[in-house]
Asks: 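Below you'll find the structure I mean.
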Amino acid sequence: MGCASISLAAPSTEQLLPNTTKGVVFIPNWDELETAFDSTQFGQLLLDPVMKPFYDDLQQQLREKGNRRLEKLGVTVDEIRKIPGGEIALAVVQPAPGTGVVVLIVDVTGREAEAAALRQKISQNLAKQGAKRTARATADLVEFELPKKADETTPQVAVNFLRGNTLVLADDYNVAAAIFQGVANTRKDSLANLPAFQVTTARLKKAAAPLNPHVRWFLEPFGFTEAMRVINPPKEKSKKPDLLKILAAQGFTSIRGLGGFVNFADGTHELLHRTFVYAPAVPGKEALPGGQRFNLAARMLDFPNSAEMPVQNWVPREIATYNTLNWQVQRGFAASETLVDEYMGEKGVFREVLDSTRDDKDGPRVDIEKELVANLGQRITLITDYQLPIGPKSERLLFAVETTNEAAVALAVAKSMRDDPAVKALDVRGNPKDKKETSGVTIWEVTNEQATNVPELQIETPGGAIQHTDFEPTSFQQPAKPAPGRRRPGRRPNGKAPNAAEEKRAIPNSAVCVVHGHMFVSSHKDFLIKVLDHITVNEQPQSGIVAVSLHPALETSADVNMVLMEMEQGFELTAARGFATNQHCLRIFSRTDEEFRPTYELFRNGQMPQSQSMLGKALNQIFGDGKEGSIRQPKLNGAKLPDFDVVRRYLGPAGAFMIAEPDGWFLTGFTLRKQVNSAEASPATRR
């Protein structure tokens, strides 16, 4: 009698998965997830008849993409969808360095017969692909070997078993066999016993109780990225520095794990998500605060909490997103030294750049540390909006850092800008002004130009590790001589060097200004002028409600106050459950309709692959062909989408706040229901 007929209660998925699991998504109940999602406004949008042509196309594309992922396991998305009786888990496991294994675990309680029939169909599907049953396969633990592809050194395998009410599919025999044994005998090396998973899950459960998540997930970031490189290797080897390797060498492996709970339509929120980043102190540094708990560049992770984070009155009301964060700027800047050196592959580059900027007679003669960084505060803000008509470059960003000495920062910026021929001096209206004029506010605009002889950074440097101290080894050694193609600050790049392949790249426009206690850096001068105009009008004495309403601030907006009040309740709930008080280090506000409108319109017009927005570039990386610099081809027909005004009414405001804790950071985010035609209200109580 095969093991499939043995009646066994399904152990929890985390008890079955090994402690080498690097990423996993759990869906406790698929039917409940679908019902809850369909109850949200976004779910209702997808069910709106005007969305049907596009949604049908989307579902087909997702089904085909999912089927391609599952094809090597011999199953389709629709076939899996029919059998869950309990939790589903999709995991990435790294049993050894340089490996990556996909595991699908399904609790089929009450649907064991359907699961058994599916196993027969899997065998048929694999046979159609030319797969052969291996010699070690049994009736209980089936293994097929797929035909070897031209780019493979060893053929892939597909393994499956049904034991009790647990169905498992995997692409590695040993991983599947260990899970097979774990169904009947509790395994000690399980994910459930991994400290990072235990701490992360316990923290999330305490915050979420009594609400059970519709989706939960866990990630060990470095291991997951390494495993995914094996599972989905790039088509071309990147010429860029290996950032993962650099970050690992610079102490960021102190981030042991990330986990999250996600809920839809919980009665208050359209979407509620909680995320915990588990980053315990380096042994021996437990008593130190903030980023001082870590080594090397990881000390940049220093985000102090504060009770007061009001929406600044310089922020105009008409923006798409607002993000504000506390960061120890001076400590972060100092900690970045080893990261820059590691990135360049040569110890001392960071310090040499600073010295050259300060001392080079042909340079700006600015002491960046003393004249600029030392005079910056700890609050950093990023806002975004977009220009009409919408095109690939419509998204605009403005970055602001508080100053503790505005005059000193303004002088440092002026010294670094005024002798640069690529920089223009403008007044607050955008009109040209003399670079040497010191009266009034100056906008420094870096104009777009084609850069030549700007060598791409190379990290393929022979050698071992740069030693920054005797106790802090990194992944490179100090070479006896600079590697070919490298240059020291202040020297002209060697265009003939092997690593210095010339290419022309456009340096993007930017605009810088120091005023109102902040240093502003914007992607577009027009956006900066908009903010400065708002500041100027609101600083002048006003009489009458009409004048004030012409330039309202974000803090007067009803939707932002809805989000702020929801955060207040989140602070109270957090304190009531024994966590940190109302102290927090990050606040985020988003008008999701305005945030996603540029993406939507570009997608609708078939221009999304050319988008210069952060989202557009990310999608190019995810859905591209794996070749650097190539523009991906759209996979969906955006012309089937309705006018954005139809979509807008389904997209409500969203917010998030983060608390720095002794062993990591806890982020709570939510989306509220869209209040159509809601009137603006006076500001609510804000921290």
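In this chain, numbering begins with 1 at the start of the sequence shown.
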Asks: Between S557 and L554 (side chain of the first, backbone of the second, donor and acceptor by atom type, cut-off under 3.5 Å), is there such a pair?
Replies: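 Here the side-chain-to-backbone pair does not exist.
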Asks: Is the shortest heavy-atom distance from the side chain of L271 to the side chain of H273 under 4.5 Å?
Replies: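 With C-beta onward as the side chain, the pair touches.
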Asks: Taking the six-membered ring where the residue is Trp, are the ring centres of W217 and F261 under 6.0 Å apart?
Replies: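 So the answer is no for these two rings.
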Asks: Return the minimal non-hydrogen interatomic distance between R274 and L204, and the atom names on each side.
Replies: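 Scanning both residues completely, I find the closest heavy atoms to be O-CD2, 3.6 Å.
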Asks: Please lay out, stage by stage, how R216 and E87 fare under the test salt bridge (Lys or Arg N to Asp or Glu O under 4.0 Å).
Replies: CA-CA 11 Å; R216 59 193 182 102; E87 187 168 75; 3.2 Å; yes
Asks: Working to the nearest 0.5 Å, report the span between CG of L528 and NZ of K525.
Replies: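 These two atoms lie 11.0 Å from each other.
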Asks: Would you check if the side chain of D643 reaches a backbone N or O of V646 as a donor-acceptor pair within less than 3.5 Å?
Replies: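 Between the backbone of V646 and the side chain of D643 there is no qualifying donor-acceptor contact (under 3.5 Å).
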Asks: Looking only at side chains, do H516 and Q312 share a donor and an acceptor under 3.5 Å apart?
Replies: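 No, no side-chain donor-acceptor pair sits under 3.5 Å.
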Asks: Judged by atom type as modelled, is there a donor-acceptor pair below 3.5 Å linking the side chain of N263 to the main-chain atoms of L211?
Replies: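 No, because the side chain of N263 does not come within donor-acceptor range (under 3.5 Å) of the backbone of L211.
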Asks: Is the number of heavy atoms from other residues, nucleotides or ligands under 6.0 Å of R429 CZ greater than 12?
Replies: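 Result for CZ/R429: open.
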Asks: Do N561 and E555 pass the side-chain contact (heavy atoms from CB on, under 4.5 Å) test, and can you show the C-alpha distance, the side-chain angles, and the key distance before you say yes or no?
Replies: CA-CA 7 Å; N561 279 279; E555 61 178 349; 5.8 Å; no
Asks: Looking at L397, is its backbone amide N or carbonyl O close enough to the side chain of T384 to form a donor-acceptor pair, meaning the two atoms are under 3.5 Å apart?
Replies: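 No: the side chain of T384 does not pair with the backbone of L397.
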Asks: Is it the case that the ring center of H534 lies less than 6.0 angstrom away from the ring center of W314?
Replies: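 For W314 and H534, the ring centres are not under 6.0 Å apart.
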Asks: Show the nearest heavy-atom pair for residues C585 and N305, with the distance to one decimal.
Replies: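 It is N-OD1, 3.4 Å.
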Asks: Is there a side-chain contact between V428 and V515 (heavy atoms, below 4.5 Å)?
Replies: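 Side chain of V428 against side chain of V515, heavy atoms only: no contact under 4.5 Å found.
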Asks: Say whether S590 and E595, considering side chains only, have a donor N or O and an acceptor N or O under 3.5 Å apart.
Replies: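 The criterion, which ignores hydrogens and geometry beyond distance, is satisfied for E595 and S590.
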Asks: What residue among I380, N326, T324, L667 forms side chain to side chain contact (heavy atoms under 4.5 Å, CB included) with L586?
Replies: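 Result for side chain to side chain contact (heavy atoms under 4.5 Å, CB included) with L586: L667.
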Asks: Is the H214 ring parallel, tilted or perpendicular to the F264 ring (thresholds 30°, 60°)?
Replies: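 Rings of H214 and F264: parallel, under 30°.
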Asks: Name all residues meeting the salt bridge (charged side-chain N to carboxylate O under 4.0 Å, His left out) criterion together with K424; count only those two or more places apart in sequence or in a different chain, and write none if there are none.
Replies: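 Testing K424 for salt bridge (charged side-chain N to carboxylate O under 4.0 Å, His left out), a comparison that skips the adjacent residues, returns none.
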Asks: Can you name the nearest heavy-atom pair linking L532 to C513, along with the distance?
Replies: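 Taking every non-hydrogen atom into account, CD1-SG, 4.0 Å.
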Asks: Answer yes if the side chains of E402 and Q378 hold a donor-acceptor pair under 3.5 Å, and no otherwise.
Replies: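 No, because no side-chain N or O of E402 sits under 3.5 Å from a partner of the opposite role on Q378.
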Asks: Under the 3.5 angstrom rule, does the side chain of T76 hit a backbone N or O of E79 as a donor-acceptor pair?
Replies: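 The answer is yes, because a donor-acceptor pair under 3.5 Å joins these two groups.
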Asks: Tell me if a side-chain donor or acceptor on Q94 pairs with a main-chain N or O of K22 at a distance below 3.5 Å.
Replies: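 Not confirmed, Q94 side chain does not pair with K22 backbone.
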Asks: Are L398 and V531 close enough, and set up right, to give a side-chain contact (heavy atoms from CB on, under 4.5 Å), and what steps lead you there?
Replies: CA-CA 9 Å; L398 183 140; V531 171; 3.8 Å; yes
Asks: Identify, with sequence neighbours excluded, every residue that meets salt bridge (charged side-chain N to carboxylate O under 4.0 Å, His left out) alongside D593.
Replies: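 By the salt bridge (charged side-chain N to carboxylate O under 4.0 Å, His left out) rule, D593 matches R648, K674.
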Asks: So R591 and I319, do their side chains get closer than 4.5 Å, heavy atoms only?
Replies: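 Sidechains of R591 and I319: in contact.
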Asks: Are F276 and W665 close enough that some pair of their side-chain heavy atoms sits under 4.5 Å apart?
Replies: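 SC-SC contact between F276 and W665 ruled out.
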Asks: Would you give the length of the straight line joining atom CG of D559 to atom OG1 of T592, rounded to the nearest 0.5 angstrom?
Replies: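 Taking CG in D559 and OG1 in T592, the distance rounds to 9.5 Å.
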Asks: Taking atom NE2 of H524 and atom CG of D385, what is their separation to the nearest 0.5 Å?
Replies: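 H524 NE2 to D385 CG: 9.0 Å, rounded to 0.5 Å.
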Asks: Ignoring hydrogens, what is the shortest heavy-atom contact between G655 and V563? Give both atom names and the distance.
Replies: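 Shortest heavy-atom separation between G655 and V563 comes out as CA-CG1, 3.7 Å.
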Asks: Cation-pi between R203 and F666: NZ/CZ under 6.0 Å from ring centre and within 45° of the ring axis?
Replies: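 Output yes; distance and angle both within limits.
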Asks: Treating N29 as the side-chain partner and E32 as the backbone partner, does any N or O pair qualify as donor plus acceptor under 3.5 Å?
Replies: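 Yes; judged by distance alone, with no hydrogens or angles, the pair exists.
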Asks: Ignoring hydrogens and geometry, is there a side-chain-to-backbone donor-acceptor pair from N605 to E601 under 3.5 Å?
Replies: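 Checking the backbone N and O of E601 against the side chain of N605, a donor-acceptor pair under 3.5 Å is found.
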Asks: Is a donor from one side chain sitting under 3.5 angstrom from an acceptor on the other, for W30 and E34?
Replies: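 Judged by distance alone, the side chains do pair up.
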Asks: Using 0.5 Å steps for rounding, measure from the OG atom of S394 to the CG atom of L602.
Replies: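 The CG atom of L602 is 6.5 Å from OG of S394, to the nearest 0.5 Å.
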Asks: Which of these, R396, K393, E594, sits in a side-chain hydrogen bond (donor to acceptor under 3.5 Å, both in side chains) with Y386?
Replies: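 Of the listed residues R396, K393, E594, the side-chain hydrogen bond (donor to acceptor under 3.5 Å, both in side chains) partner of Y386 is E594.
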Asks: Check whether more than 12 heavy atoms from other residues, nucleotides or ligands sit under 6.0 Å from atom CZ of F42, and answer yes or no.
Replies: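 At most 12 heavy atoms, drawn from other residues, nucleotides or ligands, come within 6.0 Å of this atom.
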Asks: So, for S523 and E395, which heavy atoms are closest and what is the spacing to 0.1 Å?
Replies: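 Scanning both residues completely, I find the closest heavy atoms to be OG-O, 4.4 Å.
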Asks: Between D48 and R649, is the salt bridge (Lys or Arg N to Asp or Glu O under 4.0 Å) condition met? List the steps.
Replies: CA-CA 12 Å; D48 191 313; R649 65 176 183 263; 3.6 Å; yes
Asks: Can we say D242 and R229 salt-bridge, meaning some charged N sits less than 4.0 Å from an Asp/Glu carboxylate O?
Replies: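 Between R229 and D242 there is a salt bridge, with a charged N closer than 4.0 Å to a carboxylate O.
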Asks: How long is the span from the OH atom in Y343 to the CD atom in Q250, to the nearest 0.5 Å?
Replies: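 It comes to 13.5 Å.
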Asks: Decide yes or no for R379 and M309: does some side-chain heavy atom of the first lie under 4.5 Å from some side-chain heavy atom of the second?
Replies: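 In contact.
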Asks: T403 side chain to G517 main-chain N or O, any donor-acceptor pair under 3.5 Å?
Replies: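 Yes; judged by distance alone, with no hydrogens or angles, the pair exists.
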Asks: Does any non-hydrogen side-chain atom of V311 lie less than 4.5 Å from one of L564?
Replies: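 The answer is yes; the side chains approach within 4.5 Å.
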Asks: Output, in order, the C-alpha distance, side-chain angles, deciding distance and verdict of side-chain contact (heavy atoms from CB on, under 4.5 Å) for E566 and T268.
Replies: CA-CA 10 Å; E566 188 62 32; T268 303; 3.9 Å; yes
Asks: Where do W327 and D302 come nearest, in terms of heavy atoms and distance?
Replies: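 The answer is CD1-O, 3.2 Å.
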Asks: Show your working on side-chain contact (heavy atoms from CB on, under 4.5 Å) between L672 and E270 and close with a plain yes or no.
Replies: CA-CA 5 Å; L672 301 177; E270 295 288 280; 6.0 Å; no
Asks: Drop me the distance from M567's CE to F657's CZ, to the nearest 0.5 angstrom.
Replies: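 Taking CE in M567 and CZ in F657, the distance rounds to 7.5 Å.
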Asks: Are side-chain heavy atoms of H269 and D266 found at a separation under 4.5 Å?
Replies: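 Result yes, sub-4.5 Å side-chain heavy-atom pair found.
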Asks: Could you tell me whether the side chain of T556 and the main chain of P552 form a donor-acceptor pair under 3.5 Å?
Replies: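 No, because the side chain of T556 does not come within donor-acceptor range (under 3.5 Å) of the backbone of P552.
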Asks: Any side-chain heavy-atom pair from V423 and T447 closer than 4.5 angstrom?
Replies: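 A side-chain contact under 4.5 Å is absent here.
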